[in-house]
Amino acid sequence: MIAVLKSGTNDKQIDNLSSWLKAQGLDVHISKGSEHTVIGLIGDTSKVDAELIESLEIVESVKRISEPFKSANRKFHPDDSIIQVGNTSVGGNTFAIMAGPCSVESEEQVMEIAKAVKKAGATMLRGGAFKPRTSPYDFQGLKADGIEFLLEAKKETGLPIVTEIMNANHLSLFEDVDVIQVGARNMQNFELLKELGKTNKPILLKRGLANTLKELLMSAEYIMAGGNENIILCERGIRTFETYTRNTLDLSAVPMLRELTHLPVIIDPSHATGVARLVKPMALAAAACGADGLMIEVHNDPVHALCDGAQSLTPDAFADVTHSVKKVLKALSED
Ligand code: PEP
Ligand code: MN
């Protein structure tokens, strides 16, 4: 349930109302927007007298929310959320570009790629240190050393770093990581999500291979229910019957999520297609349909990459993508 307050309501009145609601056993979420303040009521609202709340002097309207996700719901928080990441952000007017290798392979490799993607306009450096591989015999990542190498590249370039966590027991290794990625395979690892909810780190939550948007939002809700509202959603393709592409990019997820949630949404055209030459057209389409950013795999030597070489762009190809994406964004802003 949400209560939209009249404009001009002061902090003392908001505090009084929220204390009264909390005394009824509810959790209260306050969102101060540019026009109105919205109070979200979380918990069992079945016994709450909506008409009584609506009759209060400072309340403009009361609505029940039928969707099972509350904190992530745009009705709770009408303005777009902007997630601050170091000296940059995701959401609002900033178009985030996260780029880097599928996996960190050595300090030299990640340093060279970090400098190249920064020059080409990336706002963050991505790189996998813990890799979720389909086969246990494939390269599993450099783990703690991989994170160290990313931190060295961050020191050198100033780019915030994004890297994937697979096990909550590794959280202490992620202290200096700027954005913690939850990969598609762990989107419904609820124990991991709950632990991430106790941190205040930005979380990049990727949609599962076979998950609906509602399930994605419920996973975001797990993190938010623990108190961490710094979530970036990522559409990275879903499994369909098509085999020419690794996955099928669900671009309609962007405008649909935009309606449903205030959280920013980015697109990963690399895992969505699995084919380097398809990354540019999908990146342009993502920018055109209103995504808040991109995550793109870039490798200095894709043919010899230890993971996902076929979908990795060279630094030059990546620079060409960012150049064209900026043209699309400019055209949209002039619209
Ligand atoms: C990745 O980003 O490196 C990755 C493994 O992606 P996904 O979880 O989307 O497959
Ligand atoms: Mn990859």
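In listed order, ligands and their atoms are each counted from 1. No experiment lies behind these values; they were computed from the predicted model shown. What you see below is based on every heavy atom in this structure, not just the backbone, and it leaves out hydrogens, waters and symmetry mates.
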Do NZ/NE/NH1/NH2 and the carboxylate oxygens of [X] and [Y] come within less than 4.0 Å?
X	Y	answer
Glu215	Arg207	no
Asp308	Arg246	yes
Asp176	Lys154	no
Asp15	Lys22	no

Go through ligand 1 atom by atom and flag the ones less than 4.0 Å from a non-hydrogen atom of [X].
X	value
Arg236	7 (P), 9 (O), 10 (O)
Gly183	8 (O)
Glu297	3 (O)
Ala184	7 (P), 8 (O), 9 (O)

Worksheet item: If you look at every heavy atom in Pro160 and Asn87, which pair is closest and at what distance?
Response: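 Looking at all heavy atoms of both residues, the closest pair is CG-OD1, 4.2 Å.
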
Worksheet item: Should we count NZ of Lys6 as having more than 12 external heavy atoms under 6.0 Å?
Response: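 Above 12, so yes.
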
Item to complete: Tell me, yes or no, whether the heavy-atom count around Glu242 atom CD, taken from other residues, nucleotides or ligands under 6.0 Å, exceeds 12.
Response: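 Atom CD in Glu242 is packed in, count exceeds 12.
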
Worksheet item: Hey, what's the ring geometry for Phe76 with His29, parallel, tilted or perpendicular (30° and 60° as the breaks)?
Response: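 Taking His29 first and then Phe76, their aromatic rings sit tilted (interplane angle of 30° to 60°).
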
Worksheet item: Quick one: does Glu164 get within less than 4.0 Å of ligand 1, heavy atoms only?
Response: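 Under 4.0 Å: yes for Glu164.
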
Worksheet item: By atom name, which N, O or S atom belonging to Glu297 lies closest to the Mn ion (ligand 2)?
Response: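 That would be atom OE2.
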
Fill in: Considering only N, O or S atoms of Asp308, the one closest to the Mn ion (ligand 2)
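Nearest N/O/S atom of Asp308: OD2.
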
Worksheet entry | Nitrogen or oxygen of Lys131 less than 3.5 angstrom from that of ligand 1 |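 Among all N and O atoms of Lys131, at least one is under 3.5 Å from an N or O of ligand 1.
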
Discussion item. I'd like the name of whichever of Arg207, Arg126, Met295 reaches closest to atom 2 (O) of ligand 1 through any heavy atom.
Written reply: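 Heavy atom nearest to atom 2 (O) of ligand 1 belongs to Arg126.
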
Worksheet item: What protein heavy atom sits nearest atom 6 (O) of ligand 1, and how far away is it?
Response: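 Of the protein heavy atoms, Lys206 NZ, 2.9 Å lies nearest.
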
Worksheet item: Looking at atom 4 (C) of ligand 1, what's its closest protein heavy atom, distance included?
Response: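 Heavy-atom neighbour on the protein nearest atom 4 (C) of ligand 1: His271 NE2, 3.5 Å.
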
Worksheet entry | the Mn ion (ligand 2) to nearest N/O/S of Cys307 less than 2.8 Å |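 Checking the Mn ion (ligand 2) against Cys307, no N, O or S atom falls under 2.8 Å.
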
